[in-house]
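Proteins come first, then strands; the chains are lettered A, B, ... in the order of their sequence lines, and each starts at number 1. Remember, it's a predicted structure, so these values are computed and weren't measured experimentally.
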Amino acid sequence: MDSYRDATDGTERAGGMSANETMLATVGIGDAGPAAEMVALRSNIFEMTAKAERAVLRPKETGRWSHPLRAALAARIANLNGVGDLAVRYAAEAGDFVGLANPASDGTAEGLGPVLAFMDKVAVNTRNVVAPGVSTLQDAGIADADIVRLSELNAFLAYQISVVTGLRLMTRCKP
Amino acid sequence: MRRVVRKFSRRVPEWRPRVVPVKLEEASEAQLEALSVTPSDTKVSDYVLTLAHDVESLRVRSPLFNAIMYDKGGMSRSEREIGAIGASMVNRCIYCAAVHAARHAQLENSTEIIDRLSLHGRAAALPNRDRAILDFAVALSEAPPKAGPEQMHALREAGLEEAEILDLILSTALFAWANRLMHVLGDPVRSDGGDA
């Protein structure tokens, strides 16, 4: 198997960059073919996207949100957006939190009710997020740094879902 | 008194955080590095200081942002700005919309398109190419996304090359991201009280 050196932390990682890039794998873009040639035009951007994914899903400094919980939240956001195959990829990393990937669960049992309400609204009703959305989390005892971490996770997923949707359209609706 | 701005325009407001930004004098070494603070340049916006709470994300996002919006080739810079504006209109991120409207006007050396968008929103009369670009950006930015074969076909009919479409997807998607930070973590405000 190929390996590459991760520029963010210098470690040697197994697998080619494309194999490690959730977005391209979800769309089904491999190392060859017309779609691969197309994304190769912006290979730097896809490499940086893979780094961003690691920074929000698997950071070294997790704050209050563990890696499995982050994966569950990512799967939930993908489900809310109807991107089931992306949700399945993240749900596989969600461990004990996998139930939260289902948007019907409200997180009360896990003590995450306000967090899930916030994440759902930011994900699919962004325009109507107002100041009380943030103060509700602060009132629930969540530190500002952890609110920023939640927002970054949510924001990255929105980007990833948009790119997956757009690339799918490009490859399915051939010119 | 500073009031929250609710109307889209190319007048860039101030941004008031809803959380407490990192204090520069208390920032860790990793935060200072990600903030690119040097002894001769210590000016950092409240927005960036807010994002410094999650230093790993901040470190990777800035170069990605610059590559998507400014790398050479593919779609023109001003058309990438329309992708950014389309996303920001959907998510009602007044701050992002204003910054990128102003940038579009500057790049085009004309305020005509932006003034039409300010006045009439998505229904503004636009040249064919801008129309297809804005419609695609708006549809892609809805959650769940509403972009489909119709919008993709319109882009190609309007003469966009594949590389340009890829850049439009990326610039629109980037603002799905940026809007969820800017609009969620703070408010656009103006001290002259105007609601425009």
Proximal component of [X], with respect to chain B [non-hydrogen, under 4.5 Å]:
{"X": "A:Thr49", "result": "both"}
{"X": "A:Ala123", "result": "backbone"}
{"X": "A:Val124", "result": "both"}
{"X": "A:Asn154", "result": "both"}
{"X": "A:Gln160", "result": "neither"}
{"X": "A:Leu167", "result": "both"}
{"X": "A:Leu80", "result": "backbone"}

**Item:** Which of B:His153, B:Glu142, B:His183, B:Gln151 touches chain A most, by non-hydrogen pairs under 4.5 Å
**Value:**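 Top option by heavy-atom pairs under 4.5 Å: B:His183.
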Side chain from CB out, backbone as N, CA, C, O: work out which of these in [X] comes under 4.5 Å of a heavy atom of chain A, or both, or neither.
{"X": "B:Asp167", "result": "side chain"}
{"X": "B:Phe136", "result": "side chain"}
{"X": "B:Leu51", "result": "both"}
{"X": "B:Arg61", "result": "side chain"}
{"X": "B:Thr50", "result": "both"}

Under 3.5 Å donor-acceptor, [X] side chain and [Y] backbone:
{"X": "A:Gln138", "Y": "B:Arg18", "answer": "yes"}
{"X": "B:Arg180", "Y": "A:Thr126", "answer": "no"}
{"X": "B:Arg190", "Y": "B:Val5", "answer": "no"}
{"X": "B:Arg10", "Y": "B:Asp115", "answer": "no"}
{"X": "A:Asn102", "Y": "A:Ala104", "answer": "yes"}
{"X": "A:Glu152", "Y": "A:Arg149", "answer": "no"}

**Asked** Of all the residues in residues 87-113 of chain B, which have a heavy atom that comes within less than 4.5 Å of a heavy atom in chain A?
**Response**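 Those residues of residues 87-113 of chain B which have a heavy atom under 4.5 Å from chain A are B:Val90, B:Asn91, B:Arg92.
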**Message:** Are B:Leu58 and B:Leu35 packed together at the side-chain level, in the sense that at least one heavy-atom pair is separated by less than 4.5 angstrom?
**Reply:**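 SC-SC contact between B:Leu58 and B:Leu35 confirmed.
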**Asked** Taking side chain as C-beta onward, heavy atoms only, is B:Met69 less than 4.5 Å from B:Ser171?
**Response**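 Yes; the side chains approach each other to less than 4.5 Å.
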**Prompt:** More than 12 non-hydrogen atoms from neighbouring residues, nucleotides or ligands closer than 6.0 Å to CG on A:Asn128, yes or no?
**Reply:**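 Result for CG/A:Asn128: enclosed.
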